[in-house]
Amino acid sequence: MTANGHSETPFITPADALLIIDMQVDFMPGGELGVAGADGVVPLINRLSELPFGLIAATQDWHPSDHVSFDMQGGPWPEHCVAGTKGAALVPDLAQAHIGVVLRKGMRPDTDSYSAFEDNARTSRTGLDGLLRGRGINRVFVVGVALDYCVAATARDAVRAGFATVVLTDACRSVAQSVAAMQAGLVSEGVETAHAVDLLALMDRALTPREIADQLEALLAGRSYVQAIATRALKIFNSHDRPRFKALSDALMELVTMDAEPEFELDRNAILAIIDTIRSL
Ligand code: VGL
Ligand code: ZN
């Protein structure tokens, strides 16, 4: 995405990951460290989780009962997210069907860990960067709480690890800082910001043939998503009464059928040929 929020590669593909930060009971209003409005972003995050991300990772703040960050230990926070307690659980309304991995952090008594990548002392790493790279991810979208602590720390580390990084500010809530104040700092550190609602609207509207071709090209890296995307494309095309989409629909239908067979080795050249066809429409 560019600085003005307009994306050059606007569509979510398997080369993108969604990082859902600390959407836990204790961080919801009424929880031990309740963040105002945090429960309100759950539906937005659930809708985002339906998009064809290559990986959706969720984090859990997961502290021992004598954690250094707790006020009884001289730390800045009330006791929260104690490992195994109800307050440490993911919010029950959070859709978990598409969450591929849950990472726990802040487990050592003597160190806090705001970022999903490594602890605040930079002594131990969660392995998230290797996991993302192993899946061919090159861009991450960050949502959750708190924007001014764990979301910001995660986004900064994602930039440092070499990922294009986008914080979807309307799917985050802060403890203290306004979105505007956070945004300026993050942008100056190479983090981009955008709105989840815009991303969802973009993904919902009908795609042009060129956009379909771009998506298919990106999808070549992750064959299991071809079916989902092709099915969606078909739905769009079938709602138009345009004969020129007939060939494309047929080709995509063929692709869906092929991908549905478990033994089928996806034929790169066949897909590239389809991409060429679409581009010449
Ligand atoms: C967080 C304070 C303490 C967060 C976690 O998730 O942002 N904030 N622990
Ligand atoms: Zn914590």
Side-chain angles (χ1 to χ4, degrees), residues 18-42 44-45 48 56-94 99 101-126 128 140-160 165-179 181-183 185-186 189 191 193 196:
L18 180 66
L19 307 182
I20 303 172
I21 305 302
D22 296 3
M23 289 300 289
Q24 294 165 272
V25 174
D26 271 350
F27 291 123
M28 299 300 119
E32 297 296 332
L33 213 174
V35 178
D39 50 340
V41 301
V42 174
L44 207 48
I45 294 176
L48 288 170
I56 300 181
T59 63
Q60 277 178 303
D61 213 29
W62 198 257
H63 299 312
S65 57
D66 60 346
H67 192 248
V68 65
S69 76
F70 297 167
D71 45 18
M72 318 113 76
Q73 309 292 328
W77 306 110
E79 187 175 296
H80 64 278
C81 297
V82 173
T85 62
K86 278 191 182 148
L90 291 174
V91 177
D93 290 344
L94 187 70
I99 294 176
V101 62
V102 178
L103 298 165
R104 291 176 173 167
K105 62 189 179 60
M107 294 162 75
R108 285 172 43 169
D110 56 335
T111 324
D112 208 354
S113 187
Y114 289 155
S115 158
F117 289 90
E118 64 179 334
D119 67 37
N120 295 2
R122 302 202 177 282
T123 49
S124 62
R125 305 187 61 81
T126 60
L128 178 59
V140 301
F141 290 81
V142 194
V143 299
V145 289
L147 176 61
D148 42 355
Y149 289 92
C150 292
V151 171
T154 299
R156 285 190 195 104
D157 277 359
V159 169
R160 203 184 319 251
T165 306
V166 185
V167 171
L168 299 174
T169 52
D170 56 341
C172 297
R173 288 295 180 269
S174 282
V175 170
Q177 300 276 341
S178 71
V179 167
M182 285 309 299
Q183 194 158 336
L186 289 170
E189 292 174 85
V191 176
T193 60

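When a ligand or atom number is given, it counts from 1 through the structure's own listing order. All values below come from the heavy atoms of this structure, side chains included, with hydrogens, waters and symmetry mates left out.
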Is Asp22 in polar range of ligand 1, meaning some N or O pair under 3.5 Å apart?
yes
Would Asp61 and Lys105 count as a salt bridge (charged side-chain N to carboxylate O under 4.0 Å, His left out) if you check the C-alpha gap in whole Å, the side-chain angles of each, and the deciding distance to 0.1 Å?
CA-CA 5 Å; Asp61 213 29; Lys105 62 189 179 60; 3.1 Å; yes
Look at atom 8 (N) of ligand 1 and say which protein heavy atom is nearest, naming residue and atom and giving the distance to 0.1 Å.
Tyr149 CB, 3.9 Å
Can you tell me, to 10 degrees, how wide the angle at the Zn ion (ligand 2) is between NE2 on His63 and OD2 on Asp61?
90°
Distance filter under 4.0 Å to Asp61 heavy atoms, resulting ligand 1 atoms
5 (C), 9 (N)
Ligand 1 to Cys150 polar contact by distance, N or O atoms, under 3.5 Å
yes
Please determine if His80 has a nitrogen or oxygen closer than 3.5 Å to a nitrogen or oxygen of ligand 1.
yes
How are the rings of Phe27 and His80 set to each other: parallel, tilted or perpendicular (split at 30° and 60°)?
tilted
Atom of His80 closest to the Zn ion (ligand 2), considering N, O or S atoms:
NE2
Close N or O approach (Phe27, ligand 1; < 3.5 Å):
no
Can you tell which part of Val145 has a heavy atom less than 4.0 Å from ligand 1: side chain, backbone, both or neither?
backbone
With a 4.0 Å cut-off on heavy atoms, is Gln24 in contact with ligand 1?
no
